[in-house]
Structures are given as C-alpha cells and as structure tokens.
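Let me begin by presenting the structure, written as structure tokens, before commenting on it.
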Amino acid sequence: MEVTIRNMAGEETGQIQLEDTVFAAPINRGLMHQALVRQLANARMGTHKTKSRSEVRGGGRKPWRQKGTGRARHGSIRSPIWVGGGTAFGPTPRKYTKKMPKKMRRAALRSALSVKAGADQIVVLDALAMDAPKTKVFVQALADLGLDSGSVLVVLPERDVAVEKSISNLPQAKSLLSSNLNIQDLLSYDRLLLPQASVENIHDWLA
C-alpha cells in the first residue's frame, strides 16, 4: 500500500510503501474486541471493598429479647437488613487480569491498523519536530494536514518533550510512543498521525 508523505505545512514530499502484512492484514473484529476487553480489564485496580456483618463495628449483643416484645426477632443490629449494617454479597478485592498470547495481541494491532489504512485515516509525516512547546503551532499544523476535525492519535518514534507538551493541551489529540502502541488508543481516535520514523518502527515490530 502506497501512501503520500507530507510535511507539517501539508505539502506532499514523496511516497512511502506501507507493508501489506501490517496495514493491509486480514481484519479480525473478534480478535480486536478480545484485545480491547483484555486491556480494559487489566487496567482495573480491583480494590473495591464493602464490609460484611462480621466487619461492621458494633452489634455484639442481641438488641432485645427473643420473645415478648411484639417486635420481630433479631440477633444483631449489624445484620444486612438493618440501616448501618453489613453488606450481603458485596464486592471484595479481586484481580481482573486477563491473559492473551503475544501473537494474538499483535494480530489485533495489525487488524486495527488495517482498518485505519482501509478507511484512509492514516497521515504520514516526513518528520515531526518543534523548537519549543507551542500548542498554537501544532494546531495550525493539524489544520494544514486536514486533521483539525475529529480526534488524532500522534505516534512518536521517540520522546520529544516539545511535541508532547504541545499536544497535551488539546482535548482531541494524544501523543504516544510507537513502542507503546495499543488497541484501545487505536480504536479510540479517529485518525493516526505517523512520522516516517514511527512507520519504520511499526514495520520492525509488527511485520
């Protein structure tokens, strides 16, 4: 698959060949869904906790005698049916971790990248560099590239503080290292902005 390379002014500077094994791979939506569920599950802390009747403070004695009061029999004011009592069958700390083989995770990434490429939602830059953090300059670059509408995921080949800070103020844009490419971000953003070096990194990783 051949894609046009542009500079930050939106001008065409050449062509780049995207590997069909990565950007035109068979699309497996079930696999993408499984990878997304795994990532979301693994991000959960699992620290939720409620107290059972044995953990709530108080209730050590029977509130009133068993018979003769005319009231219902009770053994503790910390029963789940009492206000301030324990919770019956409440959540307890647990792990939500799901496992998925590396080959399946990478196949899911190929499917997601292929969806983006097939929908013409990938823009390749010759280079993405800024002298200093300046959100206004980056917004203008997005407009020149036709990316000013919708959300954009910028995949950087390496850390660049100036670029990352320029993007961090934009609610519809996010920067991400190519080594940290993941299924959730790929599916969450409308378009991908890839410097040429990032494309090479992705080829080396997923081809």
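Proximity of a side-chain donor or acceptor of Ser111 to a complementary backbone N or O of Asn28 within less than 3.5 Å is detected. With Ser188 contributing its side chain and Gln184 its backbone, the two residues share a donor-acceptor pair below 3.5 Å. A donor-acceptor pair under 3.5 Å is formed between the side chain of Arg65 and the backbone N or O of Lys67. Under a 3.5 Å cut-off, the side chain of Glu55 and the backbone N or O of Ser52 do form a donor-acceptor pair. Judged by distance alone, with hydrogens and angles left aside, the side-chain atoms of Arg6 form no donor-acceptor pair with the main-chain N or O of Val123 at under 3.5 Å. One N or O on the side chain of Ser166 and one on the backbone of Lys134 form a donor-acceptor pair closer than 3.5 Å. Using a distance-only test at 3.5 Å, with no hydrogens or angles considered, no donor-acceptor pair links the side chain of Asp148 to the main chain of Leu142.
Atom CZ in Arg78 sits 11.0 Å away from atom CZ in Arg53 (nearest 0.5 Å). Met8 contributes atom CE, which lies 5.5 Å from atom CE of Met130 (distance to the nearest 0.5 angstrom). Between the CD1 atom in Ile183 and the CG atom in Leu113 there is a gap of 8.0 Å [rounded to 0.5 Å]. Here the CD atom belonging to Gln39 is positioned 13.5 Å from the NZ atom belonging to Lys98, to the nearest 0.5 angstrom. A distance of 10.0 Å separates CZ in Arg38 from CG in Asn182, rounded to the nearest 0.5 Å. Between the OG1 atom in Thr87 and the NZ atom in Lys49 there is a gap of 8.5 Å [rounded to 0.5 Å].
In plain terms, the two heavy atoms of Pro133 and Lys165 that are nearest each other are CB-CB, 3.8 Å. Shortest non-hydrogen contact noted between Leu177 and Glu158 is CD2-C, 3.4 Å. The shortest heavy-atom contact between Ile5 and Gln15 is CD1-O, 3.6 Å. Minimum heavy-atom separation, Lys116 to Arg191: NZ-N, 4.5 Å. Minimum heavy-atom separation, Val56 to Gly84: CG1-O, 3.5 Å. Contact between Val22 and Ser114 at its shortest, heavy atoms only, is O-OG, 3.2 Å.
In this pair, Trp82 and His74 present their aromatic rings perpendicular. The plane angle is above 60°, beyond the 30 to 60° band.
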Asn169 and Phe138: CA distance, side-chain angles, deciding distance, side chain to side chain contact (heavy atoms under 4.5 Å, CB included) verdict
CA-CA 11 Å; Asn169 290 330; Phe138 190 78; over 6 Å; no

Apply side chain to side chain contact (heavy atoms under 4.5 Å, CB included) to residues Asp20 and Met1 and explain how you reach the verdict.
CA-CA 6 Å; Asp20 289 345; Met1 177 184 296; 3.9 Å; yes

Would you please test Leu192 and Leu186 for side chain to side chain contact (heavy atoms under 4.5 Å, CB included) and show each step?
CA-CA 8 Å; Leu192 286 181; Leu186 283 176; 3.7 Å; yes

Show your working on side chain to side chain contact (heavy atoms under 4.5 Å, CB included) between Met32 and Arg29 and close with a plain yes or no.
CA-CA 5 Å; Met32 287 191 290; Arg29 299 189 183 278; 4.0 Å; yes

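If you chain together hydrophobic residues whose side chains sit under 4.5 Å apart, Val115 and Trp205 fall into the same group. One hydrophobic cluster, built from ILVMFWY side chains closer than 4.5 Å, cannot hold both Leu145 and Val124; they sit in different ones. Using a 4.5 Å cut-off between side-chain heavy atoms of Ile, Leu, Val, Met, Phe, Trp and Tyr, with links allowed through other members, Val3 and Val152 fall into different hydrophobic clusters. Linking ILVMFWY side-chain heavy atoms closer than 4.5 Å, directly or via other members, places Leu176 and Ile167 in two distinct hydrophobic clusters. Leu128 and Val137 fall within a single hydrophobic cluster, where Ile, Leu, Val, Met, Phe, Trp and Tyr are joined by side-chain heavy atoms under 4.5 Å apart, directly or via other members.
For Asp185, the salt bridge (charged side-chain N to carboxylate O under 4.0 Å, His left out) partners are Lys174, not counting sequence neighbours.
For Arg106, the CZ atom sits in a packed shell: over 12 heavy atoms of surrounding residues, nucleotides or ligands are nearer than 6.0 Å. Under a cut-off of 6.0 angstrom, the local environment of CG in Asp204 is crowded, with over 12 non-hydrogen atoms contributed by other residues, nucleotides or ligands.
Between Phe23 and His203, some side-chain heavy-atom pair lies under the 4.5 Å cut-off.
Between Leu194 and the options Leu125, Ile16, Val155, a side-chain contact (heavy atoms from CB on, under 4.5 Å) holds for only Val155.
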